Amino acid sequence: QEVLTPETVGPALLEDVRDVEVIDVHTHLLPPSHGKLMLWGIDELLTYHYLVSEYFMVAPAEITHELFFAKTKLEQSDLVWQGLFVERSPISEACQGVITTLQRLGLERQVADRDLRGIRAWFAQQSLDEHVENIFRLAKVRYAVMTNIPYVEEEAQHWQPEAKPVTSRLRKALRIDNFLKGDWASICEALKKEGLDETMDGAKEYLRKWAGIYKPEYMMASTPHDWRYPEPAAAASMKPLVKAYAGFGASELLEEAVVPVCEELSLPIALKLGAWRGMSPDLDPCCGGDGVASADVASLQALCAKFPKVKFLVTVLSRANQHELTVVCQKTRNLHLYGCWWYCNNPSIIEELTKMRTEMLGTAYTAQHSDCRVLEQLLYKWDHSRQIIGEALVICLTGPPWICFPLSPPCACALLSAPSEERLAPHSRGAQTRLAAAAGRLL
Ligand code: RAT
Ligand code: ZN
């Protein structure tokens, strides 16, 4: 086995992080068998909501939101390309992402010529199943976890017993935002459709039923920006009133339906804290209207303490919450931190978070998830993150205490490649063992 020195450990580590096959714990990708719901290709890449939001900062005044969203996908994509890639230099992270993706697909010449037609022609030639496989292979992603929402009708129809099988490159997650929101009205609608009682038992049965269909890795919800646990006294004192009128609130649904079913089925609960939904409603048609709010990390800690047998996974949207959250993760056995989410998924913030998390948690966290909505985004999101995570880890590993390291330093690849089973076990703090096993020469 090669003995690494402070001089050689850096390049070796960068190479390992670049080459390790990762597991992507949260995306919005869907399989080819889901037909139109599966997003792929240049026009989906260009109309990604990060880019549409950016486009509106520079769009001519006559392009109103209404006008834009009334256009076809192709027309929208033309406008974004013209506004952000032709008339301006594409230097934001979302723009750079498109460039990296196209380069990785061998389309440098078309990019240099700003040849959107040529790029479209290339995508039109791909055969979808092969293309999916090719992208996962090029991105070095072993598998990605989807976001499966049972109460979205167009999605649910793809989970009927007779539906086509899903590629093994994608695993499932049961997304249940309406439970954490306490949106009893929408839950009742879903229960009615399934012929279930509009009661707490009916709600539990609903979760069990969909967990049975999906066989998910976890249940997931993003919480409202002002989410508190336990519910503040004022809200609790309203309960009898609210209950008579509208059924159950967020805390009740969490405590009496979500948690018991997760315990019963040994499923972790993945939370996403800090999205301020619909902050800019004009952009809602493309999913781009949400803002960020500082979340109440103490609520998360209280929840984990109340249900020690449940494994919680967490990511937060606000940079301001990150340090406090890292401390809470270090102290809380049933809590696992994952990824740099959305507005934190930018190189400068990934670098800062990876250094801080490694300093405080070692390898007992999951460094990144992609959140891809469009298949080919796997290429850029992972390429960019691997580079930054690698560099941040080199700094952590080659700092002053090198002399104290054992000859073979622990492998950082654990941060990216731990399979869900290990990450998700109730009391596993990370994936040290597996990392060691997968670590190649950094073992
Ligand atoms: O990153 C995104 O695409 C967001 O729109 C959200 O979907 C977010 O990631 C979420 O899962 O709620
Ligand atoms: Zn997401």
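First listed ligand is number 1; within each ligand, the first listed atom is number 1. The figures that follow rest on heavy atoms only: side chains count, while hydrogens, waters and symmetry mates do not. As the structure is a prediction and not an experimental result, all values here were calculated from the model.
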Pairing residues for H225 by the side chain to side chain contact (heavy atoms under 4.5 Å, CB included) criterion, not counting sequence neighbours: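 Result, side chain to side chain contact (heavy atoms under 4.5 Å, CB included) vs H225: W276, A293.
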L107: side chain to side chain contact (heavy atoms under 4.5 Å, CB included) partners, not counting sequence neighbours: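 Counting only residues at least two positions away or on another chain, L107 forms a side chain to side chain contact (heavy atoms under 4.5 Å, CB included) with L102, L105, Q110, I119, W122, F123.
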Under 2.8 Å from the Zn ion (ligand 2) - protein N/O/S, by chain and number: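 Counting only protein N, O or S atoms under 2.8 Å from the Zn ion (ligand 2), the list reads H26 NE2, H28 NE2, D371 OD1.
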Crowding at NE2, H65 (>12 non-hydrogen neighbours, <6.0 Å):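 Atom NE2 in H65 is crowded, with more than 12 foreign heavy atoms closer than 6.0 Å.
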Cation-pi geometry met for K140 and W382 (6.0 Å, 45°):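 No, K140 and W382 do not form such a contact.
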Distance flag, aromatic centroids of W342 and H369, threshold under 6.0 Å: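 Centroid separation for H369 and W342: 6.0 Å or greater.
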Proximity of F68 and Y55 rings by center, below 6.0 Å: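 Yes, the ring of F68 comes within the 6.0 Å limit of the ring of Y55, centre to centre.
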Protein residues having a heavy atom less than 4.0 Å from any atom of ligand 1: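 Within the 4.0 Å shell of ligand 1, which is judged on heavy atoms, sit H26, H28, H49, Y50, R175, K272, R277, W341, W342, D371, R373.
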Shortest non-hydrogen contact from K172 toward Y214: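 Heavy atoms only, the tightest pair is CE-O, 2.6 Å.
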F307 and Y229 aromatic ring geometry - parallel, tilted or perpendicular at 30°/60° bounds: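 Because their plane-to-plane angle lies in the 30° to 60° range, the rings of Y229 and F307 count as tilted.
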Test item: T315 side-chain N/O and G339 main-chain N/O as donor-acceptor pair under 3.5 Å: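 Answer holds: yes.
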